[in-house]
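Reviewing the structure listed below.
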Number of protein chains: 2
Amino acid sequence: MGVGTTQLETAPEPKYWHLKTVLSEALDSEFSVGEILPNERDLAARFGVARATLRQALEQLELEGRLQRRRGVGTTVAPPRVGVAVDPARHTWPGATGDDWQPVDAVRTDRVPAAVARLLETAPGDVVHVVRRNRVSVGRPVAAELLYVPSEVLPGDAESTTGPAHAHAVLAELQTLELDGHDRTVELGSARAEDARLLDRLPGAPVLVVTTRYVSGGRTAAVAVSTYRADTCRLTFGESETEPLLAG
Amino acid sequence: MGVGTTQLETAPEPKYWHLKTVLSEALDSEFSVGEILPNERDLAARFGVARATLRQALEQLELEGRLQRRRGVGTTVAPPRVGVAVDPARHTWPGATGDDWQPVDAVRTDRVPAAVARLLETAPGDVVHVVRRNRVSVGRPVAAELLYVPSEVLPGDAESTTGPAHAHAVLAELQTLELDGHDRTVELGSARAEDARLLDRLPGAPVLVVTTRYVSGGRTAAVAVSTYRADTCRLTFGESETEPLLAG
DNA sequence: CAGTGGTCTAGACCACAGA
DNA sequence: CTGTGGTCTAGACCACTGG
């Protein structure tokens, strides 16, 4: 290489990108999980950048699950992401004994999101039961779910029409059906206000949206839309049922 | 409720959040896929907010796959996310005939990321083949992958040690082994500089990182780290092999 | 070249947690 | 109350695309 050409071709690296790298290495070597970082104003001053630039780096690190920020409290070093099993080896309905979800309540409605209606193949006006469930892992809420079940597919409509009792009733009736199979999609989304509150995050926080379609008797009998915290969760899909391995 | 209490308990909604809602509805009703939006300065002026605030709303919409922004060009309405099958019904090694990946090249190295070394159970200094592969869907690059295969597990070390020929050689040797099973994790990440370039995105762009562990003969024989564009992709995991359904 | 989105600054005020 | 992160502003300049 010629004299002075050392840095040619290198587009100037954005400050926030460089900052992120520096911070990331500092987190590895100089901080331990749970430790609290200096506040944003101090950090920005220390690195000689505007607070907005420093925040851009912190946002990336939070997205990657390295940091956790809480208003009024501070920025702390996040623990490694927790592995959350999404694909139970057993092919069972939601609500089968031993799954990791706790039903909260349920309602009947004839208004479901268009995307869900398309999967359920329901017409406008069809009554659908919506069961809300939460999932907790190691003491922290990790996911919120809305489970949609068309009234048609349930053998006998439960007496209750709302509340926790109705949630249990809908789940119980599902178990009586034969499950032919299911498939799933995973995509990135941002938390709706309601889910954000349950997940202890601000609205718009990044989430992994898992959509599961349950098939019974040749039709889509239920659709579950599960919203996982993207910062703290690593979804695991296991086929080797003997060992946890990647789930650790 | 008493007079004047109508709005109590409502924390003021952030402007960017409200903006996002308004824009989202406008996208549904007044714009079609591929259409180009007014530029950021005009949009900000139209809504009476600073450009930074407008950008915060646009960023969210891009994260959700509603918009696509390109420097020097403009902001366009994104097509619906493309469904990408991650879980082939067939349990096969990467590189089996008919998979959707095209090998690019491969190298031998004794330096692999710590997380990968842990999965492979390799010691520092062990030689590992690293195969780079790309995945294209409907003409667009959707994923980049690094496939790590310890030299030990390959029956005969190929003659070539680098380049496209070596990539094919490593993949071919994998097919001769018996595959016991595999498991996967999915998590949110940000694109490294190299992957970002391949995916036609800026560094740090949100990606879905799929880590697949292939087991053969009681040990982890290979690990694939696949990086999917989170803005344009919806990962599909199918078990009902008869129909595409959710993949559409 | 002109126009776009991407980066960055130096402030300000607000919402929230905890003492 | 103080201190934290969250929101917002009104600028500026840079990097890239396309004609």
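Labels below follow one simple rule: chain letters A, B, ... track the order of the sequence lines, proteins then strands, and each chain is numbered from 1. Below, each value reflects all heavy atoms present in this structure, side chains not excepted, and no hydrogens, waters or symmetry copies. Quick caveat: nothing in here was measured; it's all calculated off a predicted structure.
- Taking only side-chain nitrogens and oxygens, A:Thr75 comes nearer than 4.0 Å to OP1 or OP2 of D:dG5.
- Here B:Arg55 reaches the OP1 or OP2 of C:dG6: one of its side-chain N or O atoms lies under 4.0 Å away.
- Atom NE2 of A:His18 and atom P of C:dC8 are 12 Å apart (whole Å).
- Although no hydrogens or angles enter the test, the distance criterion places no donor-acceptor pair under 3.5 Å between the side chain of A:Thr76 and the main chain of A:Leu67.
- With hydrogens and angles ignored, no donor-acceptor pair closer than 3.5 Å exists between the side chain of B:Arg70 and the base of C:dG6.
- Judged by distance alone with a 3.5 Å cut-off, no donor-acceptor contact links the side chain of A:Arg71 to the base of D:dG3.
- Comparing D:dT7, D:dG6, C:dG18 by their nearest atom to the side chain of A:Glu40 picks out D:dG6.
- The listed nucleotides are D:dG18, D:dC8, D:dG6; the one nearest the side chain of B:Tyr16 is D:dC8.
- Here D:dT9 is the nucleotide among D:dG5, D:dT9, C:dC8 with the atom lying nearest to any side-chain atom of B:Ala52.
- Computed from coordinates, the B:Asp200 CG to C:dG6 P distance equals 13 Å when rounded to whole Å.
- With hydrogens and angles disregarded, a donor-acceptor distance shorter than 3.5 Å links the side chain of B:Asp99 to the backbone of B:Gly95.
- Look at A:Arg69 and you'll find a side-chain N or O under 4.0 angstrom from OP1 or OP2 of D:dG6.
- Panel note: side chain B:Ser29, backbone B:Glu25; a donor-acceptor pair is recorded below 3.5 Å.
- When rounded to the nearest whole Å, the span between CZ of B:Arg201 and P of C:dG5 equals 14 Å.
- The distance from the CG atom of A:Leu171 to the CZ atom of A:Arg133 is 6.0 Å, given to the nearest 0.5 Å.
- Of the charged side-chain nitrogens involved, at least one lies within less than 4.0 Å of a carboxylate oxygen, so that B:Arg81 and A:Glu187 count as a salt-bridged pair.
- Set against C:dG5, D:dG18, D:dG6, the side chain of A:Leu202 has D:dG6 as its closest nucleotide.
- Panel note: side chain B:His168, backbone B:Pro164; a donor-acceptor pair is recorded below 3.5 Å.
- The side chain of A:Asn39 has D:dT4 as its nearest neighbour among D:dT4, D:dT9, D:dT7.
- Among C:dC8, C:dA17, D:dC8, the nucleotide with an atom closest to any side-chain atom of B:Gln56 is D:dC8.
- Taking atom CZ of B:Arg51 as the reference point, atom C1' of C:dG6 lies 7 Å away to the nearest angstrom.
- With hydrogens and angles left out, the side chain of A:Arg41 and the base of D:dG3 share no donor-acceptor pair within 3.5 Å.
- Listed nucleotides D:dT17, C:dT7, D:dG6 differ in distance to B:Val73; the shortest reach to its side chain belongs to D:dT17.
- OP1 or OP2 of C:dT7 has not a single side-chain nitrogen or oxygen of A:Thr53 nearer than 4.0 Å.
- Rounded to an integer number of Å, the gap from A:Ile36 CD1 to D:dG5 P is 7 Å.
- One atom, CD of A:Glu13, and another, C1' of D:dC14, lie 16 Å apart when rounded to the nearest Å.
- Picking from C:dT7, D:dG6, D:dT9 the nucleotide with the shortest atom distance to the side chain of B:Val49 gives D:dT9.
- Taking the nucleotide of DNA chain C with the nearest heavy atom to each of A:Lys15 and A:Gly72, the more 5' of the two is matched to A:Lys15.
- The distance from atom CD of B:Glu59 to atom P of C:dG5 is 13 Å, rounded to the nearest whole Å.
- A straight line from CG of A:Asp42 to P of D:dT2 spans 17 Å, rounded to a whole angstrom.
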